Amino acid sequence: MTQFPIETRDLTKTFDSRTAVDRLSLQVQPGDVFGFLGQNGAGKSTTIRMLLGLVKPSSGHVSLLGHDLPRHREQALRKVGAIVDAPAFYDNLTGLENLRIFSSLTGHVAPHRYRETLRWVNLSGRENDNVRVYSHGMRQRLGLAQALLPEPKLLVLDEPTDGLDPQGIREIRQLLVDLAQQHGLTIFLSSHLLHEVERICNRIAIIDQGRLLYQGTVQSLLEADLQFKIRTDRTEQAFQFLSEGLKLPVFKNGNDHLYLKVPEADIAAVNRSLVGQGFQVFEISRHASSLEDIYLRLTRC
Amino acid sequence: MLTFLRQEIFKLLRSKLLYLSFLMLVIFVLLMLWGFYTYSLHKTGGQVEFKYTYENPSYFNGLIFTLYSAYFAFQLIIPISVSILAGTQIAGEARSGTLRSLLTRPISRSRLYFGKYLTSVLSVFSLLAFFILFNLLVGLLLVGWGDLSLYPGPLNLVQEPGRLAQNEALLRFCYSVFTGTWSLLTLATLAFLMSVLFENPIVASFTALTLYVMLNVIGRVDFFVDLKPYLFTTDMEFWREVFKPEIPLNELLYRACRCGMYSVSFLLAGLVVFERKDVLS
């Protein structure tokens with residue numbers, strides 16, 4: 001049986017009468033870079049907090065690296081690195097002192113590991129500065145460093161690129177991809193930057209008002225929404241033929257184009273049928289929605 | 001646990017709050033010294049002499065100065081420091097967001113809770129030890145030492161005049177560091193409980209202090225004489241018993257146990273709340 005790095009079953013959290021997370025069942029597979037998407041107030045942070053034992057679920061089950069929470073919370077968190085909301089530090093201490101404090105709670109960390117991690121997050125040379133003088137982006141990087149120090153198998157990151165400049169976002173994106181590909185880390189991240197999620201995540205979950213709307217690969221979500229744009233010499237007649245004759249899901253957008261939602265494997269047959277009916281087919285092209293388009297449609301923004 | 005405790009002590013030593021508390025006590029002692037000097041001048045019609053030597057046979061010597069200073073400091077200034085130090089322990093971390101960072105590490109909530117409580121205990125002890133030692137030092141250097149004469153009066157310690165020889169009195173001051181710490185732990189634990197209940201350190205410290213002051217005042221008003229034995233603030237006064245010529249051991253132990261009981265109750269209540277608390281900060 002597969003041991004999922006993260007597994008939740010019917011996870012629910014109710015605050016007074018408001019249900020923040022409603023029967024959420026997630027399965028994050030080993031090696032996934034898993035994007036967790038939802039609007040503000042959709043329940044992302046509450047879910048992340050339940051995954052890390054900060055918030056007690058009202059009902060349901062959470063398992064982290066095969067350990068049940070909250071019963072085996074300590075064992076579960078031993079190989080987990082996390083950032084929840086904006087990374088918080090002791091401002092009167094240096095970056096290195098902060099890292100030492102947090103890493104001491106996990107166990108021994110070899111001295112070279114500090115240097116290595118600081119280099120990864122591009123903070124070498126600034127580790128002896130007080131965190132008070134760090135910029136938002138530097139704090140974000142330090143947060144990532146503290147999450148990476150215990151050599152985790154699973155990273156849980158809440159908006160890891162929040163506040164970073166484009167260069168910083170790019171570096172962190174590359175770092176996350178490297179960690180997943182070269183070190184085999186499983187990464188669970190929430191983000192508002194949908195194009196970033198589309199670029200680095202292989203699987204995603206979308207939640208709205210605490211309920212799961214979609215869970216699966218980014219590719220299958222994009223493919224499920226794949227449409228073909230068709231331009232023929234007689235748009236209206238072609239529309240009638242496809243919708244009434246072939247009973248295919250087709251719709252018009254303006255006077256010149258038809259949009260057909262069929263699997264890619266069927267498009268050649270559709271083309272043959274149109275040509276067979278005497279239509280001149282000028283264009284058939286893939287029309288893929290972006291993750292952002294699909295996300296906005298699903299969450300009804 | 002030891003690693004966590006070491007880190008907590010490191011954080012405490014690097015925090016301004018601790019040094020601010022020490023500074024507040026130093027200022028208080030200097031103010032007390034001025035007050036003590038002018039008071040003794042007034043009481044003796046200008047005859048009193050502060051000796052910059054070891055010996056000062058007068059009633060107004062360094063030991064009585066330390067006793068008065070400790071007595072008055074216990075009324076409010078030390079409780080303020082204790083409430084702030086203990087009240088910021090968890091609420092301060094919650095406020096700054098570091099509590100959630102700590103709790104995403106593999107440390108049990110109870111270990112974190114008791115680690116932070118032990119840090120509070122250590123800070124209360126060090127605060128009090130510093131205060132008594134600093135008073136004695138100021139007393140020795142600026143007032144001069146002698147025997148500790150006790151009279152019925154504002155200290156409300158003895159019914160008839162008594163005297164503690166200088167060495168015995170010094171030993172009693174050592175005892176008072178421990179009885180004082182034990183007594184103040186009741187307030188520190190209350191502030192610690194508030195620190196779990198509130199996520200704002202100012203609210204936590206202020207609530208604990210308000211309760212302390214309120215119960216203290218109630219305990220002094222005759223209307224509430226029936227209520228007085230049940231107030232923890234009444235038992236907290238036991239720390240001074242060590243200055244009586246004959247230490248009433250049974251009474252001291254009884255009231256120390258009651259203080260301990262209050263502390264344990266507050267501590268366990270805080271633990272139950274902390275274990276169940278959703279960390280949303």
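None of these values were measured; they are calculated from a predicted model. Sequence lines set the chain letters: A, B, ... in the order given, protein chains first and strands last, and positions in each chain run from 1.
- Interface residue A/Asp85: backbone and side-chain heavy atoms are both found under 4.5 Å from chain B.
- With a 4.5 Å cut-off on non-hydrogen atoms, B/Leu112 does not touch chain A at all.
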Run the side-chain contact (heavy atoms from CB on, under 4.5 Å) check on A/Val55 and B/Leu280 step by step: do they pass?
-> CA-CA 7 Å; A/Val55 167; B/Leu280 299 168; 3.7 Å; yes
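- Within a 6.0 Å radius of CZ in B/Phe72, other residues, nucleotides and ligands contribute more than 12 heavy atoms.
- Checked by atom type and distance alone, the side chain of A/Arg73 never pairs as donor or acceptor with a backbone atom of B/Thr104 at under 3.5 Å.
- For A/Pro70, no part lies under 4.5 angstrom from a heavy atom of chain B.
- Counting heavy-atom neighbours within 6.0 Å of A/Lys153 NZ, excluding the residue itself, gives a total of 12 or less.
- Side chain of B/Arg100 to backbone of A/Val84: a donor-acceptor contact under 3.5 angstrom is found.
- With chain A as the partner, the residue from B/Ser108, B/Gly97, B/Ser96 showing the most heavy-atom pairs under 4.5 Å is B/Ser108.
- Top candidate by heavy-atom pairs under 4.5 Å with chain B, chosen from A/Ala86, A/Pro87, A/Gly143, A/Ser45, is A/Ala86.
- In terms of heavy-atom proximity, B/Arg109 sits nearest to A/Gly53 at NH2-O, 3.1 Å.
- Counting non-hydrogen atoms of other residues, nucleotides and ligands closer than 6.0 Å to CD1 of B/Ile202 gives a total of 12 or fewer.
- B/Glu93 touches chain A through its side chain: at least one heavy atom from C-beta onward sits under 4.5 Å away, while N, CA, C and O do not.
- Note: A/Thr106 leads A/Thr106, A/Val156, A/Leu52 in heavy-atom pairs under 4.5 Å with chain B.
- Counting non-hydrogen atoms of neighbouring residues, nucleotides and ligands closer than 6.0 angstrom, the CZ atom of B/Arg258 exceeds 12 such neighbours.
- Here A/Lys13 pairs with B/Asp278 in a salt bridge; the nearest charged N to carboxylate O distance falls below 4.0 Å.
- Sparse packing is recorded around CZ of A/Arg23, with 12 or fewer heavy atoms of other residues, nucleotides or ligands lying under 6.0 Å away.
- When the shell of 6.0 Å around CZ of B/Phe114 is examined, it contains more than 12 heavy atoms from other residues, nucleotides or ligands.
- Looking at A/Asn92, its side chain does come within 3.5 Å of a backbone N or O of B/Arg14 through a donor-acceptor pair.
- At least one side-chain heavy atom of B/Lys11 sits under 4.5 Å from a side-chain heavy atom of A/Ile101.
- The minimum heavy-atom distance linking A/Leu77 with B/Pro106 is given by the pair O-CD, 3.9 Å.
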List the steps and the verdict of side-chain contact (heavy atoms from CB on, under 4.5 Å) for A/Arg100 and B/Phe10.
-> CA-CA 11 Å; A/Arg100 287 204 173 115; B/Phe10 172 72; over 6 Å; no
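- For B/Arg95, the CZ atom sits in a loose shell: 12 or fewer heavy atoms of surrounding residues, nucleotides or ligands are nearer than 6.0 Å.
- No donor-acceptor distance shorter than 3.5 angstrom exists from the side chain of B/Arg105 to the backbone of A/Ser103, with no hydrogens or angles considered.
- Looking at A/Gln75, there are no atoms closer than 4.5 Å to chain B (heavy atoms on both sides), in backbone or side chain.
- Of the residues considered (A/Tyr90, A/Phe15, A/Phe102, A/Phe89), A/Tyr90 shows the highest number of contacts with chain B, using heavy-atom pairs under 4.5 Å.
- With a 4.5 angstrom heavy-atom cutoff, B/Arg111 touches chain A only via side-chain atoms.
- Of the possible polar contacts, one joining the A/Lys56 side chain to the B/Glu275 backbone as a donor-acceptor pair under 3.5 Å is found.
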